[in-house]
Amino acid sequence: MSDLKLFQASSSTMVELESSSAPLEKGLQTQFEKNLDTLLGVRFLAIEYVTSHGGRMDTLGIDENGYPVIIEYKRDRSENVINQGLFYLDWLMDHRGDFELLVRDRYGKEAADQIEWSAPRLICIAADFTKYDEHAIKQMGRNIELVRYRKFGEDLLLLELLTAVSASASTKPTIPSLKSSGAGSSGYKTVSDYMNDMSPQLAELFADVETFLLGRGDDVTKKVTRFYLAYRRIKNFVCLEVRPTLGQLKLFLKIDPSTVELKDGFARDVRKIGHFGTGDLELTIASHDDFERPKELILRSYEES
């Protein structure tokens, strides 16, 4: 990030702000943990969580899509947080019950029942990573994200999603717990079921919408949950539901509905209406003509995520 510069307007001149990429200090880690939801879209569960084999996870959480999240902070340039995090990911998959108890005790039984075990995430946070780190995670086939930070003075913190690898890019994920617990036991169809029911016209519209969403930047990844698709940078910027019987796609954006002109049949405020995924603004897309209307809003949600 040596070529990244931040300037502040001062009268008619621009002043460059001095930055720091020193190894992460304990105080900065504490700030992360106190603001996980704002910074990373992750709800906090535990700090320095001790595993049964004597390991110690820096931060444990659950993201806005229900995926377990392990966060490891690189405090020393020689520290290999990626390998350490992979070790913890494997432990977590073998001790799901421990994690489910943590979620239940902090956020309730419903949240615990809706945990998505198909693709737990590892987020590694550091002042910098090497090109070898970036190459390595692309070969691992696991959900790993490298997030670089830089501090500007005492008040500004910049986060950069350097590399994100998603192991659940398929639109037909394996969901082993649907029949045994959670909403699946109530007989609800999954997003994969609805996608299989799409007409050729709706499937074509979906493909065009997804191409647009994924094309916003190299930092965009897709997460497939039980009932919706999440398109995200560091956090979700669009959640998508498929409604084949109505011939519609529902997009949920993280935009304050009060800042948008709401129109019946197109844009709706769902802050007080139950829905899957995240986002307070619902957009209904039923045709390619409809899709031209929300592109500016999608870009706004992407830029603010």
Side-chain angles (χ1 to χ4, degrees), residues 33-47 49 51 57 59-71 88-89 91-123 143 166 168 171-195 221-232 234-243 250-257 268-282 305:
E33 289 160 347
K34 289 182 177 180
N35 299 278
L36 278 186
D37 197 5
T38 300
L39 295 174
L40 301 172
V42 175
R43 288 181 290 173
F44 177 81
L45 281 175
I47 178 177
Y49 185 80
T51 66
M57 301 181 194
T59 306
L60 196 56
I62 182 168
D63 75 7
E64 54 197 335
N65 300 313
Y67 288 97
V69 181
I70 296 171
I71 302 173
Y88 292 146
L89 273 180
W91 181 90
L92 189 64
M93 292 300 291
D94 291 334
H95 297 79
R96 300 184 187 191
D98 295 343
F99 184 84
E100 289 169 357
L101 283 175
L102 276 176
V103 175
R104 187 195 66 185
D105 291 346
R106 191 172 184 93
Y107 297 112
K109 184 178 183 301
E110 183 177 356
D113 288 341
Q114 294 176 357
I115 296 172
E116 289 280 355
W117 283 107
S118 60
R121 297 168 58 196
L122 168 63
I123 301 177
N143 283 285
S166 176
S168 60
T171 55
K172 297 181 180 180
T174 299
I175 308 171
S177 61
L178 270 180
K179 295 182 179 180
S180 59
S181 64
S185 62
S186 301
Y188 294 123
K189 282 189 173 183
T190 68
V191 66
S192 297
D193 294 327
Y194 283 126
M195 292 181 72
T221 59
K222 177 175 72 173
K223 295 290 184 182
V224 184
T225 73
R226 303 181 193 188
F227 305 119
Y228 63 92
L229 306 173
Y231 299 85
R232 56 191 302 277
I234 291 179
K235 300 188 290 184
N236 292 351
F237 67 94
V238 170
C239 288
L240 185 152
E241 293 182 26
V242 179
R243 304 286 178 83
K250 296 286 188 179
L251 306 185
F252 297 89
L253 279 58
K254 283 189 173 178
I255 291 179
D256 183 351
R268 182 168 68 144
D269 182 346
V270 292
R271 282 177 288 191
K272 297 181 180 180
I273 300 173
H275 61 281
F276 295 118
T278 59
D280 294 330
L281 178 67
E282 177 194 88
S305 68

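Since this is a predicted model, take the numbers as computed values, not measurements.
Formation of a donor-acceptor pair under 3.5 Å by the H95 side chain with backbone atoms of M93 is not found in this model. Without hydrogens or angle criteria, D113 side chain to E110 main chain gives no donor-acceptor distance under 3.5 Å. Side-chain atoms of R268 do not come within 3.5 Å of backbone N or O of V270 as any donor-acceptor pair. Counting only distance, with no hydrogens or angles, the side chain of E64 and the backbone of N236 share a donor-acceptor pair below 3.5 Å.
With sequence neighbours excluded, the residues forming a ring pair (Phe, Tyr, Trp, His ring centres under 6.0 Å) with F99 are W117, listed by chain and number. Residues passing the salt bridge (Lys or Arg N to Asp or Glu O under 4.0 Å) test with K34, sequence neighbours excluded: none. Residues that satisfy the salt bridge (Lys or Arg N to Asp or Glu O under 4.0 Å) test with E241, not counting sequence neighbours, are R243. Looking at residues two or more places apart in sequence or on another chain, you find a salt bridge (Lys or Arg N to Asp or Glu O under 4.0 Å) between R121 and D63, E145. A search for ring pair (Phe, Tyr, Trp, His ring centres under 6.0 Å) contacts involving F237 returns Y302, not counting sequence neighbours. Taking the salt bridge (Lys or Arg N to Asp or Glu O under 4.0 Å) definition, one finds that D269 meets it with R271, sequence neighbours left out.
Judged by the 6.0 Å distance and 45° axis criteria, K223 is positioned over the aromatic ring of Y67.
Looking at N35 and T38, their side chains never bring a donor and an acceptor atom within 3.5 Å of each other.
The side-chain heavy atoms of T51 and M57, taken from C-beta on, include a pair separated by under 4.5 Å. Side-chain contact between Y49 and L60: present, with at least one pair of heavy atoms (C-beta onward) separated by less than 4.5 Å. Residues T59 and I123 are not in side-chain contact: their nearest non-hydrogen atoms beyond the backbone lie 4.5 Å or more apart. Side-chain contact between I62 and L102 is absent, with no heavy atoms from C-beta onward closer than 4.5 Å. Contact of the L240 side chain with the Y231 side chain is registered, since non-hydrogen atoms from C-beta on lie closer than 4.5 Å. Annotation: side chain of W91 is in contact with side chain of D98 (closest heavy-atom distance under 4.5 Å). Side-chain atoms of L229 and C239, non-hydrogen and from C-beta on, never get closer than 4.5 Å to each other. Taking 4.5 Å as the limit, some side-chain heavy atom of N65 sits within range of a side-chain heavy atom of R232.
Closest of all the heavy-atom pairs between D280 and P257 is O-CG, 3.3 Å. Residues V224 and S118 share a closest heavy-atom pair of O-OG, 4.4 Å. Considering every non-hydrogen atom in both T225 and V191, the closest pair reads O-CG1, 3.4 Å. Closest of all the heavy-atom pairs between K235 and D37 is CD-O, 3.7 Å. Between P68 and E116, the shortest heavy-atom distance links the atoms CD-O, 3.1 Å.
Salt bridge E282/K250: present, at least one basic N to carboxylate O contact under 4.0 Å.
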>> Applying side chain to side chain contact (heavy atoms under 4.5 Å, CB included) to L36 and I71, what does each step give before you reach the verdict?
In response: CA-CA 10 Å; L36 278 186; I71 302 173; 3.7 Å; yes
>> I115 vs V103, test: side chain to side chain contact (heavy atoms under 4.5 Å, CB included). Steps then yes/no.
In response: CA-CA 9 Å; I115 296 172; V103 175; 3.9 Å; yes
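Each of Y194, F252, F276 was evaluated against Y228; a single residue qualifies, F276, per the side chain to side chain contact (heavy atoms under 4.5 Å, CB included) test.
Here the CG-CG distance, from L92 to L122, works out to 10.5 Å after rounding to the nearest 0.5 Å.
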